[in-house]
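All remarks here apply to the structure that follows.
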Amino acid sequence: MNEMIRQLLGKRCVVCLDGGFGGSLTGVLERLEDNWLSVRTGKTGALELVNLDYVNRIQELPEKKK
């Protein structure tokens, strides 16, 4: 799975979470290390660290047209 996720690094995506967390987060995938994914979210650029055990889907979002 890590090799598939590496293809999405640097892209804006929706990460759907499972387990007790539920929901999803949207942001740019920055790093993948061991079983952790770092996602830069929101307008403030907050950093979220996500354990891949709780990810059930990642969807790339189309780039906004300027």
Side-chain angles (χ1 to χ4, degrees):
M1 174 164 50
N2 285 2
E3 287 306 313
M4 291 187 290
I5 294 172
R6 285 188 204 289
Q7 295 176 29
L8 295 173
L9 292 179
K11 297 183 180 180
R12 189 166 173 265
C13 298
V14 175
V15 179
C16 297
L17 303 172
D18 198 12
F21 300 105
S24 64
L25 57 103
T26 301
V28 176
L29 307 186
E30 288 194 338
R31 290 180 57 191
L32 177 63
E33 211 170 297
D34 296 325
N35 203 39
W36 291 89
L37 178 64
S38 64
V39 183
R40 188 69 62 179
T41 63
K43 293 182 180 182
T44 62
L47 183 65
E48 298 257 4
L49 300 176
V50 179
N51 188 305
L52 293 179
D53 289 341
Y54 298 101
V55 173
N56 63 17
R57 186 176 126 199
I58 300 175
Q59 177 184 5
E60 181 183 1
L61 296 174
E63 292 186 28
K64 294 180 181 178
K65 295 183 179 181
K66 296 180 180 180

Polar side-chain atom of Thr41 near backbone of Gly27 as donor-acceptor pair, under 3.5 Å: no
Test side chain to side chain contact (heavy atoms under 4.5 Å, CB included) applied to Asn51 and Trp36, step by step: CA-CA 5 Å; Asn51 188 305; Trp36 291 89; 3.5 Å; yes
In one Ile/Leu/Val/Met/Phe/Trp/Tyr side-chain cluster, 4.5 Å: Val39, Val28: no
Residue list, side-chain hydrogen bond (donor to acceptor under 3.5 Å, both in side chains) with Asp53, at least two apart or on another chain: Asn35
Where Leu32 and Leu9 come nearest, the two heavy atoms and their spacing: N-CD2, 4.3 Å
same_hphob_cluster(Leu17, Ile58) at 4.5 Å side-chain heavy-atom cutoff: yes
Inter-residue atom distance Arg12.CZ - Gln59.CD, 0.5 Å rounding: 10.5 Å
Name of the residue among Leu8, Leu29, Leu52, Thr26 meeting side-chain contact (heavy atoms from CB on, under 4.5 Å) with Val15: Leu29
Nearest heavy-atom neighbours spanning Cys16 and Ser24: CA-CB, 4.0 Å
Glu60 versus Cys13, closest heavy-atom pair with distance: CA-SG, 3.8 Å
